[in-house]
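Residue numbers begin at 1 in each chain, while the letters A, B, ... track the order of the sequences.
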Protein chains: 2
Amino acid sequence: MTGKEKVRWDSTRKIIDAAEQIFSKKGFEGATTREIADKAGLPKANIHYYFPTKEDLYVQVLKDILAEWINDAEIFDSSDDPEIAFRAYVSRKIQHSFTRPFASKVWAMEVIGGGTVFDVHLKSSLLEWNTKKCRQINKWIEQGKLRKVNAQYLLYAIWAMTQHYADFEYQTRIINNGQSLGIEQSDEIVENIVQLVLRGVII
Amino acid sequence: MTGKEKVRWDSTRKIIDAAEQIFSKKGFEGATTREIADKAGLPKANIHYYFPTKEDLYVQVLKDILAEWINDAEIFDSSDDPEIAFRAYVSRKIQHSFTRPFASKVWAMEVIGGGTVFDVHLKSSLLEWNTKKCRQINKWIEQGKLRKVNAQYLLYAIWAMTQHYADFEYQTRIINNGQSLGIEQSDEIVENIVQLVLRGVII
DNA sequence: GTCTATAACCGGATAGAC
DNA sequence: GTCTATCCGGTTATAGAC
C-alpha cells in the first residue's frame with residue numbers, strides 16, 4: 001500500500017467507524033454529517049470527499065454489517081452435530097453483540113424504519129444468508145437429528161434472542177439497575193439461549 | 001364530553017396516531033412535525049398548539065405504548081398454570097405485533113438509540129412491568145411447576161421473539177418473498193414461540 | 001488530499017389575524 | 001381553537017484556496 005493509499009484507507013476507516021456510532025444513535029435521517037465528522041476528527045468536507053452523499057456512507061455501513069453476519073453464518077457448517085453448530089453460532093453472535101454493538105443497531109433501525117435504502121444487493125445478500133441456514137437446518141431434520149420444526153421460525157427466534165442483547169442494550173441496562181451486561185455475562189447468556197433452542201429442537 | 005372537549009380529544013388522537021407512524025419510520029430526530037401534521041390532516045401550527053414541543057409529543061407516544069404493554073402483562077396473572085399463562089401472553093403480544101406495529105417500532109427505535117428522552121416515569125414503569133413478571137415466574141419455579149431457569153433471561157427471550165414480528169416486519173417480508181406475514185400466520189407463529197418456551201421451562 | 005467559507009435549503013417554533 | 005406567514009438556527013453539499 002502506497003502512502004496515499006494508506007491515507008485514503010485510514011480516513012475511510014475512521015469515517016465508517018464514526019458513522020456507525022452516530023447512525024446507531026439517531027438513525028439515517030437524524031444523524032448529521034457534522035457529528036460524524038467531529039467523531040472521526042475530520043472536517044465535514046472530507047466526509048463528502050470520500051463519500052459523495054450521506055446516503056453513500058450509510059449504505060456502506062449497512063453492507064459492512066451484513067458481510068460480517070454472512071461470515072458468522074459460515075460457522076453453521078463447522079459441524080454436522082447441530083448441538084455444536086447451534087452453540088457455536090449463538091456464541092459468535094453474542095460475542096459480536098458485545099464487541100460490535102453499533103453495527104447491529106444501525107441495521108436494526110434501518111429495518112424497523114422500513115428499509116428505505118435497501119437496494120437489490122442488500123436484499124439478495126440477506127436472502128442468501130437466510131437460505132443457507134434454512135437448508136442446513138432442514139438437512140438435520142431429514143437426517144433425524146432434529147424435530148420437525150419450521151426452520152424459518154427457528155431462525156427468527158435465534159436471530160431475535162441474540163440480537164436483543166446488542167440492540168436493546170439500553171433496556172437491559174435499565175432493568176439491570178443501570179449496570180451494563182457485558183462479556184462477563186456472555187457465557188451465561190449464550191448457555192441460556194442455547195438451552196432454549198436445544199430443548200426445543202433436539203429429539 | 002362537551003363540543004370543545006370532543007374537538008380537543010379528536011385532534012389529540014389524530015396527532016398521536018400520525019406521530020406513531022412517522023416516528024416509527026424516521027425516529028425522533030428524523031421525523032418532522034410537518035410530516036406528522038400532513039399525516040394528521042392538520043396545519044403544522046396545530047401540532048404545536050396541542051403539544052408545545054416535538055419532544056412532548058414523542059414522550060406521549062412512548063407512554064401510551066408502555067401503558068399498553070403493562071396492560072398486556074396483566075394476563076400473566078390470568079392462570080396459575082404457566083402453560084396457559086405463557087400461551088395467553090405470547091398470543092396477546094403477537095396479536096399486538098400485527099394490529100399495532102407502529103407503537104412497538106417507536107419504542108424499539110428509542111431504546112436502540114440509547115433512550116435519550118427516557119425519564120424517571122418511563123424507567124420506573126418499565127421496571128415495575130419487569131419485576132411483576134419475574135416474580136410470577138419465580139413463584140412457579142418455587143412451586144415446582146417450572147425448571148430452575150433464570151426468569152430475567154427467559155423474559156428477554158419471550159420479549160425478543162414476540163417483538164421481532166412487529167419490529168423487523170420488513171426483514172421477514174423480504175425473506176418471505178415480499179409477502180407480509182399477517183394475522184393468518186399468527187396462530188402458527190404463536191404456537192412456534194410457545195413450544196420453544198414450554199419445552200425450555202416445563203419440567 | 002485537506003480545509004474554510006458559503007450557498008441553498010429545511011427544520012422547529014411562534015406571532016398574530018381570524 | 002385554527003391557520004398563514006415568518007423567524008432563526010441548523011443541514012447537506014460544494015466552491016475554491018492551500
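- Applying the salt bridge (Lys or Arg N to Asp or Glu O under 4.0 Å) test to A:Arg8 and every residue at least two apart in sequence or in another chain returns nothing.
- Listed by residue number, A:Pro43, A:Ala45, A:Asn46, A:Tyr49, A:Tyr50 are the residues of residues 43-52 of chain A with a heavy-atom contact under 4.0 Å to DNA chain C.
- The ring-ring contact (aromatic ring centres under 6.0 Å, His included) pairs that include a residue from residues 14-36 of chain A are A:Phe23-A:Tyr58, A:Phe28-A:Tyr58, where partners are two or more places apart or lie in different chains.
- Sorted by residue number, the members of residues 24-40 of chain B with any non-hydrogen atom under 4.0 Å from DNA chain C read B:Ala31, B:Thr32, B:Thr33, B:Arg34.
- Residues meeting the side-chain hydrogen bond (donor to acceptor under 3.5 Å, both in side chains) test with B:Gln60, sequence neighbours left out: B:Asp64.
- In summary, of the residues considered (B:Lys25, B:Lys39, B:Lys105, B:Arg100), a side-chain hydrogen bond (donor to acceptor under 3.5 Å, both in side chains) with B:Glu20 occurs for B:Arg100 alone.
- Extent of DNA chain D lying under 4.0 Å from chain B heavy atoms, first and last nucleotide in 5' to 3' order, is D:dG1 to D:dT4.
- Screening A:Phe102, A:Phe118, A:Trp159 for a ring-ring contact (aromatic ring centres under 6.0 Å, His included) with A:Trp107, the sole residue that qualifies is A:Phe118.
- B:Leu42 places its CG atom 17 Å from the P atom of C:dA13, with the value rounded to the nearest Å.
- Ring geometry, A:Tyr89 versus A:Phe76: the interplanar angle exceeds 60°, so the pair is classed perpendicular (tilted spans 30 to 60°).
- Between the side chains of A:Ser97 and A:Gln163, no donor N or O sits under 3.5 Å from an acceptor N or O.
- Defined by atom type and a distance below 3.5 Å, a donor-acceptor pair is missing between the side-chain atoms of A:Tyr165 and A:Gln185.
- Residues B:Gln152 and B:Asn130 bring a donor and an acceptor atom of their side chains to less than 3.5 Å of each other.
- Under the 30°/60° scheme for interplanar angles, the aromatic rings of A:Tyr156 and A:Tyr153 are found to be tilted.
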